[in-house]
Structure formats: C-alpha cells, structure tokens
Amino acid sequence: MSGDHGERDSQVNSGSRANDAHKHKDKHKEHRRKEHKKDKEREKAKHSNSEHREHSEKKHRDKEKERLKHSDGSVDRHREKPKEKDKEKRREEKVKSFHVEGKPKKEKENGHAREMWNSLSPPDIKSEPEEDNGLYPSPKHNKTLKRERDEEEFEYKPKKIKTENGKKAKKRKQEYEDEEEEEEDIKPKKKTKDKKSGADGKKAKETEEKWKWWEEERSTDGSKWKFLEHKGPVLAPPYEPLPGHVRFFYDGKLLRLSAPAEEVATFFAKMLDHEYTTKDMFRKNFYKDWRKEMTSEEKSKITDINKCNFTEMSEYFKAQSEARKQMSKDEKLKIKEENERILQEYGFCVMDNHKERIGNFRIEPPGLFRGRGDHPKMGMLKRRIRPEDIIINCSKDSKHPKPPQGMRWKEVRHDNKVTWLVSWTENIQGSIKYIMLNPSSRIKGEKDWQKYETARRLKKCVDRLRAQYREDWKSKEMRVRQRAVALYFIDKLALRAGNEKEEGETADTVGCCSLRVEHIKLYPKMDDQEYVVEFDFLGKDSIRYYNKMPVEKRVFKNLQLFLENKQPEDDLFDRLNTSILNKHLQELMDGLTAKVFRTYNASITLQQQLKELTSPDESIPAKILSYNRANRAVAILCNHQRAAPKTFEKSMQNLQTKIDEKQKQLSATRKQLKGAKTEHKASHDDRSKKMVEVKRKAVQRIEEQLMKLQMQATDREENKQIALGTSKLNYLDPRISVAWVKKWDVPIEKIYNKTQREKFAWAIDMAEEDYEF
DNA sequence: ACGTCCACTTAGCAATTAGCAT
DNA sequence: ATGCTAATTGCTAAGTGGACGT
C-alpha cells in the first residue's frame with residue numbers, strides 16, 4: 001500500500017522522479033497505518049469505560065473554556081490523553097471537541113488577534129509593502145547597525161594588545177554586507193574596548209560587567225573561541241539512604257530495600273501526588289527500570305507495582321520540604337551563601353579574556369523521565385551521570401577541570417568549533433546534553449543578533465518570495481505545489497517546519513511538513529466564509545494548535561488534491577520534508593530556513609502592532625498595556641500557551657476588590673473636593689483655597705491609581721492562557737522594544753526584567769528610537 | 001539523497017525568591 | 001515578623017537544521 005499514491009502525482013504531471021523522500025515516508029506511513037488498525041481494535045474492545053472517562057473530562061474542559069470565552073478554541077490547550085498511546089482515541093476526541101468548541105461565538109483576544117493577523121498578512125500580496133515602508137514616519141534610517149564594523153582585534157588568552165585597524169573594519173563590513181547592507185555608517189564608531197589584560201582575570205570583574213562585545217569584531221574563521229577555561233560541571237550529589245524509620249511496604253508487609261532500589265523508589269515516591277504516576281505507561285516504564293536496580297531477592301519479592309506502598313517515603317519528603325521552609329533565617333542564609341559560593345566557583349568560565357556566566361553548570365540529577373504529552377518513555381529511569389560519562393571541552397592551554405578524587409572524565413577535548421563546555425549522553429533518547437553559556441554571553445548574543453539580521457533580510461525579499469510561492473501553487477509538479485502550500489502555511493500561520501521524528505520514540509506531534517491528513521479539514525463553505533481550512537494537531541510539547549482559516553481558492557484546491565486517496569494517517573505533504581523545503585529556501589535567500597519566517601513574522605507583527613496600538617497621549621500604564629497587547633498578538637500567532645495559573649480566579653478577584661475599593665475612595669474624595677470648593681466659595685480665604693487644591697490633587701492621584709489597576713486587570717485577564725515570555729525571549733527583535741521604550745519614555749524595566757536586560761544588553765545599547773526592524 | 005549524529009534554539013512548567021500586605 | 005501572591009529563575013524536554021558518512 002505504500003505505493004499507492006506514488007502515481008498520483010502524475011496528475012500534476014510530475015510522475016517520474018518520484019523522489020525517494022516519499023518512499024521513505026511511505027515506510028513510516030505504513031507503519032502508522034498498522035498501528036492505527038491495532039489501535040482501532042483495541043479501542044473497540046475497551047470502548048466503553050476508559051473512553052467514557054476521557055470523554056467527560058474533555059467535556060468539562062470544553063465547558064470551562066466556553067465560559068471563558070475563548071471559544072474559538074485556538075487557545076485551548078490539549079494535553080495528551082492518559083491512556084496508552086492510542087491514536088484512535090485521540091482522533092475521536094478531536095472530532096468531538098470540534099463539535100463542541102468549533103462553533104464558538106465571537107472570540108476574545110485570542111481569536112481576535114489571530115483574525116487580525118489572518119487579515120493582514122500575505123494573502124494579499126499587495127498589502128505587504130506598506131508594512132515595509134511606512135511604519136515609522138521618519139526613519140532617520142540607520143544608526144542601528146552602527147556597531148558592527150569597527151572593532152579591534154580580539155586578543156585572546158594572553159594579554160596581547162589588539163591591533164586596531166581599519167582593515168578590520170573593512171573586512172567585517174563586507175562580510176556582513178548582506179546582512180545589513182543598507183546603512184552605511186561604516187565609519188568606525190567609538191570603540192569601547194576593554195582591552196585589558198587577560199592576565200589578571202580578577203579585575204575582570206568590574207570591567208567585564210560592561211563588556212560591549214557587540215562593538216567588537218566577530219571571528220570569521222569558524223572558530224567559536226580561542227581560549228576557554230572552566231571548572232567543569234557540578235555533579236549531582238550522591239544518594240543518601242533514607243533514615244530507618246521511613247518504611248516501604250510491599251503487599252502490606254515491611255520490606256527493606258537495597259540502596260539502589262530504594263533510590264529509584266524515592267524518585268517515584270516524590271512524584272506520588274502527581275497525576276502521571278497514575279498513568280499506565282508511566283508505571284509500566286518505571287517498574288521495568290526499577291527492577292533493573294533491584295537485587296535478585298527484591299526482584300523475586302516484588303512482582304506487582306500495585307502492591308507497592310510508597311506513602312511513608314512520600315510523607316517523609318513532604319515533611320522534609322516543609323522543614324526546609326521552616327528553617328531559621330540564618331540557616332537559610334547559610335544555604336544561600338553556599339549556593340553563592342558554588343555559583344562563583346562553577347558558574348563562570350573564561351572565554352577569550354572575558355569572564356562569562358555559564359547557563360547550566362549542574363549535571364542533571366537522576367530521576368524519572370517526564371516526557372511531555374503522551375510520551376512512550378514516560379517514567380523511565382534517567383540514570384545518574386558519572387565523571388566517566390562526561391566529556392570536557394576547553395583550551396589545551398587552560399587549566400583543565402579536574403574530576404573528583406579517583407575518577408576520570410570520559411574525555412577531555414579541545415574543540416573550538418563548538419560552544420559547549422561539557423557534554424554527556426543521556427540514556428532515555430540517547431541524545432547529547434550540553435553545558436553552555438548564559439544568554440548574556442557574547443557567544444549567545446552574537447548568534448541572537450545575527451538571527452534577527454537574517455529575519456530583516458527576509459523582510460526585504462519577502463514580497464518576492466510570496467509572489468513566487470503563489471506562482472508555484474500552479475506548478476505542474478506536485479512536489480512544487482506541496483512545497484508552495486507548505487510555505488504558505490509557515491509564512492501565514494507561523495507554523496514550525498515539522499521535521500520527521502522517529503515513531504514510537506517520542507510523543508506524536510507534528511509541524512508543517514509532517515502534518516497528516518487527519519490534522520486538517522476542508523470546508524468549502526463555512527458560515528459566511530469560503531474555503532476554510534481547519535487545523536487541529538498537537539505541536540511542539542504536545543501543545544494543541546487549533547485554528548480555522550479561510551485560504552485562497554487555489555490553496556484550497558491544492559489541498560483537496562493532496563488529500564485524494566489518502567488515509568487519515570498519511571502525510572499531507574507526501575513529497576516534501578524539511579530538508580527539501582530548506583534547500584529550496586536557501587536558494588531563495590542566503591541563510592533562509594523555515595524558522596526564519598517565525599522570527600520575521602513575529603517581529604514584524606510586534607512592530608506593526610506597537611505602531612497601531614500606542615497612542616501618544618496615553619499614560620505610561622496604558623502604554624504598557626498596549627505593549628503587552630502587541631506582544632500578545634505575537635504570542636497568539638506563535639501559539640504560545642500556558643496553563644491558566646492555578647490561582648488565577650482568586651487573584652483576579654483580589655484585584656477586583658482592590659478596584660472596587662479604589663472606586664469608593666475616589667467618589668469619597670470627589671465629594672470632599674466638592675465640599676472644599678463650596679467652602680472656598682463661601683469663605684474665599686487662603687486656607688480653603690489650599691484645601692481645594694489638596695483635594696483636587698488627591699482626586700487626580702486616585703484616578704490614576706484606579707486606572708492603573710484597571711489596566712492591570714485587563715492585561716491579566718487577556719493573558720490568562722497566553723505566555724508572553726517565549727516570544728519576548730526568542731522571537732521579537734529586542735531593538736524594536738528598545739526603540740519603542742525610548743520613543744515613549746517608558747522605563748525599560750517595565751518591559752524587560754533584569755535577566756532580559758542582560759540578555760538584550762546589546763540591543764539596549766545600540767537601538768535608538770528610530771530603529772526599524 | 002539518504003539517515004544519522006551533533007549542536008544549538010525554543011519551550012512550558014516547577015521551584016525559588018522577591019515583594020507586598022498584614 | 002509572617003504569610004501570601006506574583007515574578008523570576010531554573011530545569012530540561014523538544015524542537016530545528018547543518019554536517020557528514022555512505
């Protein structure tokens with residue numbers, strides 16, 4: 001059956017070179033189809049009970065949702081279902097949920113923003129341009145990129161002095177020409193260097209504080225650093241056996257566990273009140289791995305996880321954490337100091353003469369793997385990492401970190417083509433984990449900056465690209481049409497690329513290229529709209545993406561074509577994958593890949609929304625609300641969701657109470673003002689005049705406070721299930737925000753907290769109020 | 001023209017801490 | 001000081017995409 005649609009593409013006349021991409025895919029498909037069948041059967045068997053439970057759970061959720069007005073469902077989050085992987089079930093549930101929530105009334109912020117987006121984006125190519133131009137009235141144009149050129153030589157390790165140089169500047173400029181061609185401001189700007197000494201790393205402290213790496217030159221030879229020295233990772237503390245009074249019971253009888261078995265048992269015990277310890281898959285995986293740690297005696301005694309009683313352990317840990325909270329202040333202080341000491345010792349490294357903060361310097365401790373969504377490996381034991389599992393990366397001529405007494409590292413290497421300091425292989429997926437630098441570091445910052453420059457280059461040619469993919473919708477080749485439609489989705493809906501994943505190894509989630517037939521529905525007509533496509537699938541982290549969007553007729557027709565003769569579990573784009581797509585993109589623009597569209601669309605949307613929403617004379621809090629709304633539009637576009645905070649309702653209520661009180665206070669004060677006025681009229685003396693002034697001021701102040709509270713309430717309400725952080729941190733060119741802040745005199749702290757300010761120091765330093773993305 | 005490995009970015013939630021009201 | 005909530009930081013899973021070997 002895998003061959004069955006190979007021929008189909010002859011329809012569009014491409015037949016022959018049925019590239020192997022799709023052969024490969026068919027293999028997957030076949031597998032999936034089998035699974036599908038199996039699931040179906042299984043499903044039939046159990047149908048009644050479990051299905052039922054889910055069903056009502058879901059219903060409940062839907063109701064809740066409806067009540068909250070997020071009825072268009074786009075924000076709805078949809079975590080995996082409990083049961084064992086059961087695709088069929090998932091499918092059915094979706095259908096149901098569609099009926100329930102599909103119909104919605106008017107949407108709230110959410111749908112709203114999406115709609116707005118839908119209407120402003122690509123479809124009409126025409127409309128694009130203005131986006132590009134007119135944004136900021138008086139672009140003085142340029143500055144923004146000032147920094148780059150100029151630079152001094154970077155002296156690495158030893159203290160040499162940098163050679164200054166015009167030539168350098170020249171080089172750099174040309175190198176990045178593409179990226180930032182427009183402005184010329186080539187002339188070297190001030191350079192702040194802190195050349196300083198490499199030698200005494202000490203002094204680095206203050207000087208480094210403000211190192212402006214963005215005013216220095218980037219290296220061009222592909223090396224990521226010249227010198228790197230660090231202290232290695234902090235290992236997980238060894239296991240401490242439980243005190244004797246904490247008991248474990250098996251089948252009602254006391255059982256003393258060996259230390260290794262006990263340790264794994266405690267991992268489970270610590271999660272006892274978490275929902276996933278009730279999931280079959282979790283328990284099964286845990287049990288299987290646990291047995292591997294047992295002595296043979298334990299193995300023979302413990303044969304059924306359901307007879308295990310971990311409650312004393314669980315209670316013990318709860319008590320421990322309670323005790324920790326109750327510790328006296330100086331005990332706490334002591335711990336804090338100790339942590340600080342560790343941070344100072346292990347939390348920094350020296351890279352090319354600068355002391356830089358490390359992101360994660362602790363090795364992940366052992367525990368039970370918690371995958372997200374319906375993960376087939378949930379509950380497996382994540383094993384303890386020992387020095388002999390660890391690879392150290394540092395300069396040959398640095399002081400190498402030393403392994404603990406009597407142990408050795410797996411390897412010490414000196415690879416300056418990579419940025420990591422430490423790595424190890426994790427046992428669940430076999431993937432490699434790394435210790436790398438903090439986002440405020442030069443090495444991360446440069447890359448981040450570069451990412452936005454690439455997105456800005458896309459901005460310059462996006463019209464051309466859009467015109468091209470629209471043209472490609474008419475191609476004779478199936479493969480080209482698929483590519484063009486997929487690209488349209490990526491551009492318009494900000495979908496992720498969608499690499500293929502190994503089946504059965506991870507939760508079943510998809511992105512654009514890996515969408516399956518079952519993930520979309522076509523409606524030639526829906527309400528007053530034509531050619532509506534409904535998307536419903538689980539994306540990264542098993543977050544549900546649900547959206548309905550009218551598309552152009554040609555796209556719609558193409559989708560119908562792609563769907564012909566396919567099963568629900570077949571790939572929608574059977575002749576496409578991310579590598580093909582990216583290869584194509586690369587040809588259209590240097591450095592272009594699918595993810596650049598997300599960055600570009602996110603940033604341009606922010607800029608555009610800020611422009612639209614900010615009114616010059618609103619107060620600062622109102623401006624902040626506008627900013628958050630612009631940010632929110634982006635988060636919605638990118639489908640960044642969060643679980644509504646547990647305490648949401650309550651905190652909302654508290655806020656409302658405050659507002660009510662403030663309102664009362666306001667009317668009371670107003671009354672007083674009136675009284676004062678009357679009195680002043682009568683007496684005309686200074687005293688009463690003063691009183692009027694005082695009251696007038698008070699009224700004003702209270703009004704402001706009230707407004708501020710109201711803004712806060714609105715903001716919070718609108719933000720209930722939207723996470724702003726992800727887009728702010730990863731998709732929005734920080735220079736847009738910085739420019740906005742400068743333009744409207746909003747304190748930067750209102751937009752970026754300390755960590756964020758550190759990460760975006762480069763942008764804060766270089767963007768002026770006229771910066772244009 | 002893969003498939004596999006590797007490096008690095010992006011992601012949501014949990015734990016911790018800060019900040020406020022009492 | 002205490003106790004709460006809100007904000008921040010930490011953690012690590014889950015993506016993307018390039019390089020490389022076959």
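These numbers come from a predicted model, not from an experiment. Just so it is clear, the values below take in all heavy atoms, side chains as well, and ignore hydrogens, waters and symmetry mates. Below, chain A is the first sequence line, B the second, and so on; all start at residue 1.
- Going from atom CG of A/Leu343 over to atom P of B/dT16 covers 16 Å, rounded to whole Å.
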Pairs: protein N or O with nucleotides 13-15 of chain C N or O, under 3.5 Å:
residue, atom, partner, partner atom, Å
C/dA13, OP1, A/Lys382, NZ, 3.1
C/dA13, OP2, A/Lys433, NZ, 2.4
C/dA14, OP1, A/Arg372, N, 2.7
C/dA14, OP1, A/His375, ND1, 3.3
C/dA14, O4', A/Asp541, OD1, 3.4
C/dG15, OP1, A/Thr509, OG1, 2.7
C/dG15, OP1, A/Asp541, N, 3.2
C/dG15, OP2, A/Lys501, NZ, 3.0

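- A donor-acceptor pair under 3.5 Å links the side-chain atoms of A/Asn577 to the main chain of A/Ser579, judged by distance alone.
- Look at A/Lys451 and you'll find a side-chain N or O under 4.0 angstrom from OP1 or OP2 of B/dT10.
- Within the 4.0 angstrom heavy-atom criterion, only backbone atoms of the sugar-phosphate kind lie near A/Thr419; the bases stay farther away.
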Please table the atom pairs, donor to acceptor, closer than 3.5 Å between any side-chain atom in residues 323-330 of chain A and protein atoms at least two apart or in another chain.
residue, atom, partner, partner atom, Å
A/Gln326, NE2, A/Glu322, OE2, 3.4
A/Ser328, OG, A/Glu331, N, 3.3
A/Ser328, OG, A/Glu331, OE1, 3.2

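- For A/Lys595, no side-chain nitrogen or oxygen approaches OP1 or OP2 of B/dT9 to under 4.0 Å.
- Taking the nucleotide of DNA chain B with the nearest heavy atom to each of A/Lys444 and A/Gly430, the more 5' of the two is matched to A/Gly430.
- Along DNA chain C, the nucleotide nearest to A/Gly591 and the one nearest to A/Met652 differ in position, and the one closer to the 5' end is contacted by A/Met652.
- Residues A/Arg716 and A/Gly359 both approach DNA chain C. Their nearest nucleotides, taken by heavy-atom distance, put A/Arg716 toward the 5′ side.
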Any chance you could lay out the ring pair (Phe, Tyr, Trp, His ring centres under 6.0 Å) test for A/His230 and A/Phe361, step after step, and finish with the verdict? CA-CA 10 Å; A/His230 59 91; A/Phe361 51 89; over 10 Å; no
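- Atom P of nucleotide B/dC8 and atom CH2 of A/Trp225 are separated by 11 Å, given to the nearest angstrom.
- The side chain of A/Asn582 contributes an N or O atom lying less than 4.0 Å from OP1 or OP2 of C/dG17.
- Applying the 4.0 Å criterion to OP1 and OP2 of C/dG18, one finds that A/Thr593 has every side-chain N and O outside that range.
- In this structure, the side chains of A/Trp409 and A/Pro233 come closer than 4.5 Å at one or more pairs of heavy atoms.
- For the pair A/Leu732 CG and B/dT9 C1', the interatomic distance rounds to 15 Å; values are reported in whole Å.
- Checking side-chain atoms of A/Thr277 against main-chain N and O of A/Leu272 turns up a donor-acceptor pair under 3.5 Å.
- Between A/Tyr276 and A/Arg370, the side chains place a donor N or O and an acceptor N or O closer than 3.5 Å (distance only, hydrogens not considered).
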inquiry  = Walk me through whether A/Asp715 and A/Arg629 qualify under salt bridge (Lys or Arg N to Asp or Glu O under 4.0 Å).
reply    = CA-CA 8 Å; A/Asp715 204 22; A/Arg629 283 180 159 159; over 6 Å; no
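- Taking the charged nitrogens against the carboxylate oxygens, A/Glu338 and A/Lys334 have no contact shorter than 4.0 Å, which rules out a salt bridge.
- Look at CD on A/Glu505: it is 15 Å from C1' on B/dC5, rounded to the nearest Å.
- Nearest-nucleotide positions on DNA chain B for A/Arg598 and A/Lys224 put A/Lys224 closer to the 5' end.
- A sub-4.0 Å separation between OP1 or OP2 of B/dT9 and a side-chain N or O of A/Tyr434 is absent.
- Residue A/Pro439 is out of contact with every strand shown, counting any heavy-atom pair closer than 4.0 Å.
- Rounded to an integer number of Å, the gap from NZ of A/Lys728 to P of C/dT8 is 9 Å.
- Between A/Arg324 and B/dA15 there is no side-chain polar atom (N or O) within less than 4.0 angstrom of OP1 or OP2.
- Residue A/Lys336 has its side chain nearest to B/dA18 when only C/dG17, B/dT9, B/dA18 are considered.
- Of the side-chain N and O atoms in A/Lys646, none sit less than 4.0 angstrom from OP1 or OP2 of B/dA14.
- Aromatic pair A/Tyr546/A/Phe535: ring centres not closer than 6.0 Å.
- With rounding to whole Å, A/Met378 atom CE is found 15 Å from B/dC13 atom P.
- Relative to the side chain of A/Val418, the nucleotides B/dC8, C/dG17, C/dT5 differ in distance, and B/dC8 lies closest.
- OP1 or OP2 of B/dA14 sits under 4.0 Å from a side-chain N or O of A/His274.
- Straight-line distance from the CD atom of A/Glu502 to the C1' atom of B/dT4: 10 Å, rounded to whole Å.
- Nucleic acid contact class of A/Lys583 (heavy atoms, under 4.0 Å, all strands): none.
- Atom CD in A/Gln712 sits about 12 Å away from atom C1' in C/dT5, given to the nearest Å.
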